[in-house]
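Okay, structure first, notes after.
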Amino acid sequence: MKVLVIGSGAREHALCRSLSLDPDVTALYCAPGNAGIAEVAELHPVDALDGAAVAALATRLGAGLVVVGPEAPLVAGVADAVREAGIPVFGPSGQAARLEGSKAFAKDVMAGAGVPTARSYVCTTAKEVDDALHAFGAPYVVKDDGLAAGKGVVVTDDLEAARAHAAACDRVVIEEFLDGPEVSLFAVTDGETVLPLQPAQDFKRALDGDEGPNTGGMGAYSPLPWADPKLVDEVLRSVLQPTVDEMRRRGTPFSGLLYAGLALTGRGVRVIEFNARFGDPETQVVLARLRTPLAGVLLAAATGTLADLPPLRWSDDAAVTVVVASHNYPGTPRTGDPITGLDEVAAQDAPHAYVLHAGTRRDGDAVLSAGGRVLSVTATGKDLTEARERAYAAVGRLRLDGSQHRTDIAAKAAAGA
């Protein structure tokens with residue numbers, strides 16, 4: 001099977017890496033890709049937001065499966081264009097992708113499905129914002145209703161900061177703060193059958209100790225030794241299946257990857273948000289532990305045959321991902337800096353640790369930074385302690401002027417805290 005992956009981030013690199021190891025994949029393409037993805041897939045230029053261009057490329061390549069990675073192309077309806085061309089595609093329709101594209105729409109779907117989530121208000125005026133902020137009190141949770149590349153959420157005790165974020169958005173969802181640890185759970189679905197993957201935990205804040213501004217994610221780990229073994233079954237029953245059923249009832253069936261960001265509160269599981277695609281950086285650790293070949297799973301979701309698959313197989317190993325970001329991230333990042341040490345990681349740390357590229361580009365023989373989150377180092381080990389050690393050893397070999405990374409990814413979980 002020939003597979004085309006759309007996107008250019010660490011998530012797409014992780015997908016391409018897994019697909020490149022699948023014996024059923026006879027040719028692997030990525031568009032537009034990045035410097036790291038070029039090592040495992042043939043790159044093709046394309047405007048990822050142009051559905052007609054993506055469908056034409058998939059047709060020309062003879063792709064038997066298209067995987068749309070990022071949220072913006074999904075919300076733009078790129079998967080619809082590929083389906084109309086008669087090519088199986090992993091990714092929801094533009095209408096169904098509104099689960100991520102609009103926080104207000106997601107809240108409405110959750111209400112219809114009876115899915116537990118935070119109480120909230122949708123606000124479009126300064127008065128509505130003030131009323132909602134005072135109704136809930138601090139900590140204030142203010143979410144841009146639309147796509148914001150993982151940086152549209154502000155959680156703060158500062159009332160003026162909450163107001164300022166709301167004022168910068170056309171429409172916001174203001175909701176009660178949810179206490180308790182957060183968990184990410186992915187599920188593959190064909191619109192009826194829902195197949196949950198293994199849970200992970202990511203780290204949104206830029207600095208150690210969960211300090212600093214929200215980011216698109218600075219690291220992740222899986223499994224979660226502290227989580228209830230029944231958690232996945234509970235979330236499938238109370239969140240994932242009801243949401244997929246509600247989307248189908250509304251005439252906008254959701255097929256692809258449904259991501260549930262969850263808070264394990266004192267009152268039970270609550271949904272923080274939905275995403276309509278694999279999340280970054282959790283994808284890196286979840287796929288590192290998946291032993292079932294990936295292409296067949298994605299194709300089954302794309303063709304409505306997920307119920308026919310045997311149970312997924314998982315490694316008992318732990319996986320940890322550490323993100324290396326540019327100077328000034330998550331503000332305006334500095335780009336164009338050379339990255340060295342990649343060959344050292346490949347020579348000294350493989351196969352237990354490897355680098356996935358996100359914001360990179362090639363300039364001759366050099367690899368340069370080209371975004372905020374530049375690289376993601378993923379490592380596996382017999383437990384979280386060993387996986388952490390391997391990940392940070394590999395991070396230590398990389399050199400990028402002014403770069404930053406958190407030093408505490410999975411530290412508490414590894415220590416049993």
Side-chain angles (χ1 to χ4, degrees), residues 11 69 71 74-75 90-92 96-120 141 143 147 150 152-153 173 175-176 178-204 216-217 220-224 227-248 250 252-265 267-287 289-290 297 301 306 312:
R11 165 188 50 231
E71 60 273 30
L74 290 169
V75 171
F90 183 81
R98 291 178 66 208
L99 268 181
E100 178 169 3
S102 169
K103 302 289 191 301
F105 175 76
K107 288 288 188 181
D108 187 62
V109 170
M110 284 187 268
V115 168
T117 187
R119 294 177 296 132
S120 63
V141 181
K143 299 181 175 182
L147 294 178
V153 179
V173 173
E175 60 185 40
E176 65 176 329
L178 296 174
D179 64 333
E182 295 185 12
V183 172
S184 300
L185 185 61
F186 299 158
V188 175
T189 178
D190 57 11
E192 293 191 15
T193 300
V194 181
L195 186 63
L197 306 185
Q198 290 290 301
Q201 185 173 63
D202 79 328
F203 294 75
K204 290 294 187 191
Y221 69 93
S222 178
L224 311 182
D228 188 329
K230 299 177 183 176
L231 175 64
V232 173
D233 289 340
E234 178 188 348
V235 175
L236 175 62
R237 184 188 71 253
S238 66
V239 174
L240 299 170
Q241 191 70 57
T243 299
V244 169
D245 292 344
E246 174 68 10
M247 292 294 287
R248 190 174 64 253
R250 291 175 176 229
T252 52
F254 186 104
S255 72
L257 196 290
L258 179 59
Y259 165 118
L262 308 165
L264 309 187
T265 76
R267 295 172 291 149
V269 174
R270 298 288 185 272
V271 175
I272 300 171
E273 65 175 352
F274 283 132
N275 288 341
R277 38 75 195 182
F278 279 103
D280 179 1
E282 300 96 322
T283 299
Q284 289 89 300
V285 292
V286 172
L287 292 186
R289 299 184 58 227
L290 180 65
V297 178
L306 210 51
L312 297 179

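Counting only distance, with no hydrogens or angles, the side chain of Arg248 and the backbone of Gly191 share a donor-acceptor pair below 3.5 Å. Side-chain atoms of Arg119 never come within 3.5 Å of backbone atoms of Glu176 as a donor-acceptor pair (strictly under, hydrogens ignored). Between the side chain of Ser222 and the main chain of Pro199, a donor-acceptor pair closer than 3.5 Å is present. Side chain of Ser238 to backbone of Glu234: a donor-acceptor contact under 3.5 angstrom is found. Thr117 contributes a side-chain N or O that, together with a main-chain N or O of Val271, makes up a donor-acceptor pair within less than 3.5 Å. Judged by distance alone, with hydrogens and angles left aside, the side-chain atoms of Lys107 form a donor-acceptor pair with the main-chain N or O of Ala118 at under 3.5 Å.
Applying the salt bridge (Lys or Arg N to Asp or Glu O under 4.0 Å) rule to Asp190 yields no partners; only residues at least two apart in sequence or on another chain are considered. Not counting sequence neighbours, the partners of Asn275 by the side chain to side chain contact (heavy atoms under 4.5 Å, CB included) test are Glu100, Tyr259, Glu273, Arg277. Remark: Arg250 pairs with Asp108, Glu246 by the salt bridge (Lys or Arg N to Asp or Glu O under 4.0 Å) rule, at least two apart or across chains.
Of the candidates Val269, Leu264, Val235, Leu264 is the only one forming a side chain to side chain contact (heavy atoms under 4.5 Å, CB included) with Val183.
Glu282 and Ser184 are linked by a side-chain donor-acceptor pair at a separation below 3.5 angstrom, with hydrogens and angles left out of the test.
Using cut-offs of 30° and 60° on the angle between ring planes, the pair Tyr221 and Phe203 is tilted.
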